[in-house]
*Asks:* 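Here it is: the structure, laid out below.
For clarity, every value in this text was computed on a predicted model and none was experimentally measured.
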Amino acid sequence: MTVTVLYFASLSELMGCQEQTLDLPEGSTAGDLLDTLESMVPGLQKFQRRFRVAQNQEFVSLETQLEPGAELALIPPVSGGAGPDIEIGIHSEPLSVERALSFVRRTDCGAVVTFLGTVRDLTGEMVTERLDYSAYEAMAEKELARICRETTERFPSLGAIHVTHRVGSLYPGEIAVIVAVSSPHRGEAFDAARYLIDTTKERVPLWKKEIGPDGKAWIEGDARVASNS
């Protein structure tokens, strides 16, 4: 499929153009696009993907599938847009701690706090064989973005924020959610990470179904709702 890629500011200088037409395999994602561009122009790697990808003038995650004929844009932080870099996503593939740390680490930030939410195999006396996570994905990503913006207002010195969550079937020990933040000092980093995970659990439309030897149940707030499917 054919897409058009737009470059701005320092990215246009590095790429040597402001607009480029590329042929990509059907089903390619925004992440696949960046892989292709970094193989074409290795110097792009120095940016460590600290820019955002837009498709048809809407910001998208790296897991978003690209549309044939789409207008794509690589957008660096805007002038006057001081504040932390933000990366969010709802993913069906395993989450990467290395990716999260690479995104948030900064030379001007002495504190990096990472929270991993993993699947446990025992809740009280209930044995969990697996969890099935589902989400209203479009709304979930918008709400994650809103929560991150609120976090930057509460903790203005943050360097970067990364929040990603899995959907699909997960087994004990697998990572369901990653929250990572960087800040010049540890206090704000700890507080921001706590605010992010707590608010995400309260507001983002994500649900989990517990599957175990005693049956299946949706966990909705403080309630367990039996499932027959």
Side-chain angles (χ1 to χ4, degrees), residues 6-11 29-31 34 44-64 72-91 95-117 133 135-167 175-206:
L6 308 180
Y7 308 107
F8 297 93
S10 59
L11 290 175
T29 65
L34 298 187
L44 186 62
Q45 297 176 10
K46 73 179 182 181
F47 284 84
Q48 297 182 353
R49 301 192 178 183
R50 289 172 186 163
F51 46 79
R52 303 180 71 182
V53 179
Q55 176 169 236
N56 297 328
Q57 302 179 5
E58 294 283 344
F59 287 119
V60 297
S61 72
L62 296 184
E63 295 295 317
T64 300
L72 307 171
L74 269 59
I75 300 179
V78 298
S79 177
D85 293 334
I86 296 173
E87 182 174 61
I88 61 171
I90 306 295
H91 304 309
L95 304 180
S96 170
V97 178
E98 291 77 12
R99 164 69 190 175
L101 290 175
S102 175
F103 183 81
V104 301
R105 291 182 69 181
R106 297 286 185 276
T107 56
D108 61 342
C109 290
V112 174
V113 171
T114 305
F115 169 82
L116 306 182
Y133 281 92
Y136 181 4
E137 293 192 27
M139 183 177 176
E141 290 199 342
K142 288 183 179 179
E143 191 63 22
L144 277 178
R146 187 175 293 113
I147 290 168
C148 288
R149 290 194 297 271
E150 292 172 6
T151 304
T152 67
E153 293 171 0
R154 285 172 172 259
F155 308 100
S157 72
L158 295 181
I161 297 171
H162 170 104
V163 184
T164 48
H165 205 296
R166 278 286 302 276
V167 291
I175 299 172
V177 58
I178 298 176
V179 170
V181 299
S182 58
S183 176
H185 305 289
R186 64 181 181 274
E188 188 163 68
F190 277 112
D191 291 344
R194 179 64 178 264
Y195 178 79
L196 281 163
I197 188 59
D198 287 352
T199 311
T200 294
K201 290 178 68 67
E202 290 173 2
R203 288 171 32 188
V204 176
L206 285 151

*Asks:* How far apart are the C-alpha atoms of Leu34 and Val53, what are their side-chain angles, what is the distance that settles it, and do they pass the side-chain contact (heavy atoms from CB on, under 4.5 Å) test?
*Replies:* CA-CA 9 Å; Leu34 298 187; Val53 179; 4.2 Å; yes
*Asks:* Looking at every heavy atom in both Thr164 and Leu95, which two are closest together, and how far apart are they?
*Replies:*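 Taking Thr164 first and Leu95 second, the nearest heavy atoms are O-CD1, 3.6 Å.
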*Asks:* Just how far is it from atom SG of Cys148 to atom CD of Glu143, taken to the nearest 0.5 Å?
*Replies:*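 Rounded to the nearest 0.5 Å, the SG-CD separation comes to 10.5 Å.
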*Asks:* Within the 4.5 Å heavy-atom criterion, are Thr152 and Ile86 side-chain neighbours or not?
*Replies:*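 SC-SC contact between Thr152 and Ile86 confirmed.
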*Asks:* Can you sort out the partners of Ala180 under side chain to side chain contact (heavy atoms under 4.5 Å, CB included), two or more places apart, ordered by chain and number?
*Replies:*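 Expected list: Ala100, Val104, Thr114, His162.
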*Asks:* What pair of heavy atoms forms the shortest contact from Gly89 to Glu141, and how long is it?
*Replies:*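 Closest heavy-atom pair between Gly89 and Glu141: CA-OE2, 3.7 Å.
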*Asks:* Can you tell me which residue among Val179, Ile178, Val163 is in a side-chain contact (heavy atoms from CB on, under 4.5 Å) with Ile197?
*Replies:*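 Between Ile197 and the candidates, side-chain contact (heavy atoms from CB on, under 4.5 Å) is satisfied uniquely by Val179.
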*Asks:* Could you go through Phe103 and Asp85, starting from their C-alpha distance and side-chain angles, then the distance that decides it, and tell me whether this counts as side-chain contact (heavy atoms from CB on, under 4.5 Å)?
*Replies:* CA-CA 8 Å; Phe103 183 81; Asp85 293 334; 3.7 Å; yes
*Asks:* Leu158 versus Ser182: any side-chain heavy-atom pair under 4.5 Å?
*Replies:*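 Counting from C-beta outward, Leu158 and Ser182 never come under 4.5 Å.
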*Asks:* Considering residues at least two apart in sequence or located in another chain, which fulfil the side chain to side chain donor-acceptor pair (under 3.5 Å) criterion with Tyr195?
*Replies:*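 Partners of Tyr195 by the side chain to side chain donor-acceptor pair (under 3.5 Å) criterion, ordered by chain and then number, come out as Glu150, Arg154.
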*Asks:* Test Val177 against Phe115 for side-chain contact (heavy atoms from CB on, under 4.5 Å), laying out the working first.
*Replies:* CA-CA 8 Å; Val177 58; Phe115 169 82; 4.1 Å; yes
*Asks:* Using the side chain to side chain contact (heavy atoms under 4.5 Å, CB included) criterion, which residues pair with Arg186? Sequence neighbours excluded.
*Replies:*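 By the side chain to side chain contact (heavy atoms under 4.5 Å, CB included) rule, Arg186 matches Ala111, Phe190.
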*Asks:* List in chain and number order the residues that pass side chain to side chain contact (heavy atoms under 4.5 Å, CB included) with Asn56, two or more places apart in sequence or in another chain; answer none if no residue qualifies.
*Replies:*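 Asn56: side chain to side chain contact (heavy atoms under 4.5 Å, CB included) contacts with Glu67, Ala70, Glu71.
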*Asks:* Taking the side chain as C-beta and beyond, is there a heavy-atom pair between Val167 and Glu137 under 4.5 Å?
*Replies:*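 In contact.
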*Asks:* Are side-chain heavy atoms of Pro184 and Asp108 found at a separation under 4.5 Å?
*Replies:*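 SC-SC contact between Pro184 and Asp108 ruled out.
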*Asks:* If the condition is side chain to side chain donor-acceptor pair (under 3.5 Å), which residues does Asp198 pass it with, not counting sequence neighbours?
*Replies:*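 Counting only residues at least two positions away or on another chain, Asp198 forms a side chain to side chain donor-acceptor pair (under 3.5 Å) with Arg194.
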*Asks:* Enumerate the salt bridge (Lys or Arg N to Asp or Glu O under 4.0 Å) contacts for residues 157-166, please, sequence neighbours excluded, ordered by first and then second residue.
*Replies:*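 Residue pairs passing salt bridge (Lys or Arg N to Asp or Glu O under 4.0 Å), neighbours aside: Arg166-Glu174.
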*Asks:* Leu72 versus Leu6: any side-chain heavy-atom pair under 4.5 Å?
*Replies:*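 Leu72 does not reach Leu6 side chain to side chain.
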*Asks:* Applying side chain to side chain donor-acceptor pair (under 3.5 Å), can you list everything that pairs with Thr64, at least two apart in sequence or on another chain?
*Replies:*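 Expected list: Ser61.
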*Asks:* List the residues meeting salt bridge (charged side-chain N to carboxylate O under 4.0 Å, His left out) with Glu87, not counting sequence neighbours, and say none if there are none.
*Replies:*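 So Glu87 forms a salt bridge (charged side-chain N to carboxylate O under 4.0 Å, His left out) with Arg99.
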*Asks:* Residues in side chain to side chain donor-acceptor pair (under 3.5 Å) with Thr29, at least two apart?
*Replies:*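 Counting only residues at least two positions away or on another chain, Thr29 forms a side chain to side chain donor-acceptor pair (under 3.5 Å) with Asp32.
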*Asks:* With side chains defined as the heavy atoms from C-beta onward, is the minimum distance between Val112 and Val181 less than 4.5 Å?
*Replies:*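 No, side chains not in contact.
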*Asks:* According to side chain to side chain contact (heavy atoms under 4.5 Å, CB included), who are the partners of Arg149, at least two apart in sequence or on a separate chain?
*Replies:*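 In terms of side chain to side chain contact (heavy atoms under 4.5 Å, CB included), with neighbours along the sequence ignored, Arg149 is linked to Ala145, Arg146.
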